[in-house]
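Everything on this sheet refers to the single structure shown next.
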Amino acid sequence: MTQTTPSLTLASARNLLAQAGQDHLLTFYPQLSSDPQRQLLDQIASVDWAELARLIQTHVLKKPDVHIPDHLEPAPFYPNIPPQDLAAKYDQARHLGIDLIRQGKVAAFTVAGGQGTRLGWNAPKGTFPATPIRKLPLFGCFAEYIRRVQDKYDTTVPWYIMTSPVNDAATRQFLEQQHYYGLDPANVMIFPQAMMPAVDMTTGKVLLESPASIALSPNGHGGSLKALFASGAIADMQQRGIEHISYIQVDNPMVRVVDPQFIGLHAIDNAQMSSKMLPKAFPKEKLGNFCLDHGRMTVIEYSDLPDELAEQRLPNGQLRFLAGSIAIHAIRVDFVQWLNTRPGGFGLTFHRAEKKVPFIDTATGQPVKPDSLNAVKLETFVFDALPMCDTSIIYETSRPDEFGPIKNADGHDSPATSRQFQIERAARWLESQGVKVPRLPDNAVDAVIEISNLTAIEPDDLDDVDLPEAIGRGREVLL
Ligand code: UTP
């Protein structure tokens with residue numbers, strides 16, 4: 001149904017904006033036709049102007065003080081391969097994880113509301129072709145993973161996808177066109193996150209992207225914890241008996257969308273929100289650092305971790321602050337419910353990001369394309385919920401098995417590196433089954449191999465697959 005009346009009257013919009021010192025946003029209103037007028041009023045209605053006015057003082061007109069705790073300790077973690085004294089616990093946890101999945105108590109959740117500016121793909125990032133041979137889009141990789149888990153454990157894993165108002169329609173249309181990659185649409189729920197205005201960093205004025213539109217951008221992946229609740233997704237989960245959310249980003253085709261070992265360790269320790277980590281390859285690798293601040297789990301961004309801490313090593317040479325965040329989490333449904341209903345409000349702090357944001361000059365009506373950073377965007381980060389947990393565990397995953405993100409158009413974390421990591425993983429899985437894989441003198445795989453998630457999500461799944469004895473040099477092999 002088309003909405004015909006705006007959610008706010010012009011008089012109330014004027015009032016709100018005047019109080020917030022943002023009345024310039026209505027400069028072009030009288031010249032607009034009725035649809036764009038309504039759109040602008042709707043946008044104004046969607047912003048919490050009182051909160052924004054506070055944030056402009058604390059985060060835009062000055063840089064917020066980033067408080068680095070004095071007594072940071074490295075966060076303990078469950079190693080990828082269990083030491084002998086933990087082998088029984090890992091086993092028990094894996095079985096618990098499988099039971100939870102079998103009982104339909106685990107949902108998959110993909111945050112896909114980001115703008116993907118670094119990749120520069122002119123469509124939702126989840127539609128980006130990610131696999132080496134089929135060029136299966138990222139959403140397809142996750143959907144096939146979920147189908148495989150559903151088959152393997154004879155269960156349903158509902159899939160929740162967070163979009164933003166910018167890519168929501170395109171995401172829905174894409175998944176419909178792809179027939180949800182074989183998933184039952186009744187078990188796929190798509191909902192948008194909220195937006196925040198971009199603000200001129202010297203004047204504190206909110207920017208207009210066009211005469212009828214505020215320059216809005218998604219409010220960060222931390223917005224997912226609010227949007228899950230506001231959209232009714234949490235209520236839907238509760239009604240389905242879901243207890244745990246498996247949180248993944250949209251950019252990694254190699255991710256274990258639902259991992260029994262990780263869910264099991266998180267559940268067995270009664271954690272509210274847990275995380276997977278990668279051992280950092282070098283001290284200042286661009287990953288958040290899992291630390292303890294007076295016993296509370298916290299993530300310190302790579303740029304904020306003091307050099308002397310980043311460089312510290314244990315007697316065996318290993319980095320003392322080793323655990324890097326790759327934004328994979330297990331989150332209890334009742335923790336998200338609590339975050340949204342607790343006394344004192346939601347409580348994730350905003351972060352300041354300086355950006356180049358094109359805008360309309362309200363004095364001249366002309367568009368301006370800035371050459372330098374001119375605006376502040378305000379975002380919350382999902383990992384800022386970790387210090388609010390009483391218990392939060394970290395589980396180390398294996399980089400070559402689970403990490404092939406597509407973030408940049410080229411260079412590191414790009415489609416090319418992800419493709420190479422996917423081929424390398426497929427080759428190792430085949431070699432573990434005795435298949436001879438051609439390799440070059442530098443050990444690189446001399447073939448293009450793709451294993452669909454429908455075929456195998458772990459090497460043992462290949463036990464039942466009819467495999468070739470050897471792969472020919474330079475061949476393409478799709479399993
Ligand atoms: P990134 O930090 O990689 O940001 O997001 P991005 O917006 O996708 O990409 P760039 O920085 O513009 O190139 C990490 C994950 O968080 C999601 C993204 O979709 C991605 O899965 N995200 C990010 C949201 O869902 N909402 C946001 O507001 C920001």
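In listed order, ligands and their atoms are each counted from 1.
- Defined by atom type and a distance below 3.5 Å, a donor-acceptor pair is present between the side-chain atoms of Thr397 and Glu402.
- The shortest N/O to N/O separation between Leu119 and ligand 1 does not fall below 3.5 Å.
- Looking at heavy atoms from C-beta onward, Gln238 lies in side-chain contact with Gln337 at the 4.5 angstrom threshold.
- For the residue pair His329/Ser275, the side-chain donor-acceptor check at 3.5 Å is satisfied.
- Nearest non-hydrogen protein atom to atom 29 (C) of ligand 1 is His221 N, 3.7 Å.
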>> Under the criterion salt bridge (Lys or Arg N to Asp or Glu O under 4.0 Å), I'd like the reasoning laid out for Arg296 against Asp390: C-alpha separation, chi angles, the key distance, then a yes or no.
In response: CA-CA 8 Å; Arg296 293 256 149 196; Asp390 293 327; 3.5 Å; yes
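- Looking only at protein heavy atoms, the nearest one to atom 26 (N) of ligand 1 is Gln193 OE1, 2.6 Å.
- Using modelled atom types and a 3.5 Å distance limit, the side chains of Asp200 and Thr203 yield a donor-acceptor pair.
- Remark: minimum distance from atom 12 (O) of ligand 1 to any protein heavy atom is reached at Thr117 OG1, 2.5 Å.
- Here is the list of ligand 1 atoms found below 4.0 Å of a heavy atom in Val250: 19 (O), 21 (O).
- With no hydrogens or angles considered, a side-chain donor-acceptor pair links Glu144 and Ser452 at under 3.5 Å.
- With sequence neighbours excluded, the residues that form a salt bridge (charged side-chain N to carboxylate O under 4.0 Å, His left out) with Asp334 are Arg332.
- The closest protein non-hydrogen atom to atom 25 (O) of ligand 1 is Gly113 N, 2.8 Å.
- With hydrogens left out, the protein atom closest to atom 14 (C) of ligand 1 is Gln249 OE1, 3.2 Å, a heavy atom.
- If you number the atoms of ligand 1 from 1 as listed, the ones under 4.0 Å from a heavy atom of Met162 come out as 25 (O).
- In terms of protein heavy-atom proximity, atom 4 (O) of ligand 1 is nearest to Arg118 NH2, 3.9 Å.
- Under the 3.5 Å distance criterion, with hydrogens and angles disregarded, a donor-acceptor pair is assigned to the side chains of Asn289 and Lys280.
- Residue Gln115 has at least one nitrogen or oxygen atom sitting less than 3.5 Å from a nitrogen or oxygen atom of ligand 1, judged on distance alone.
- Every atom of ligand 1 with a heavy atom of Val111 under 4.0 Å away is listed here by number and element: 16 (O), 17 (C), 18 (C), 19 (O), 20 (C), 21 (O), 25 (O).
- Comparing Ala409, Gly220, Gly114 by heavy-atom distance to atom 28 (O) of ligand 1, the nearest is Gly220.
- Contact annotation for Lys407 and ligand 1: only side-chain heavy atoms (C-beta onward) come within less than 4.0 Å of the ligand.
- Residue contacts with ligand 1 for Ala112 involve N, CA, C or O but no side-chain atom from C-beta outward (heavy atoms, distance under 4.0 Å).
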> After noting the C-alpha distance and the side-chain angles of Tyr247 and Phe109, does the key distance pass the ring pair (Phe, Tyr, Trp, His ring centres under 6.0 Å) rule?
Replying inline: CA-CA 5 Å; Tyr247 171 108; Phe109 177 38; 5.8 Å; yes
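- Selection from Pro405, Gly126, Gly223, Gly116 by nearest heavy atom to atom 6 (P) of ligand 1 gives Gly116.
- At a cut-off of 3.5 Å, with distance as the only test, no side-chain donor of Tyr180 or Asn187 sits close to an acceptor on the other residue.
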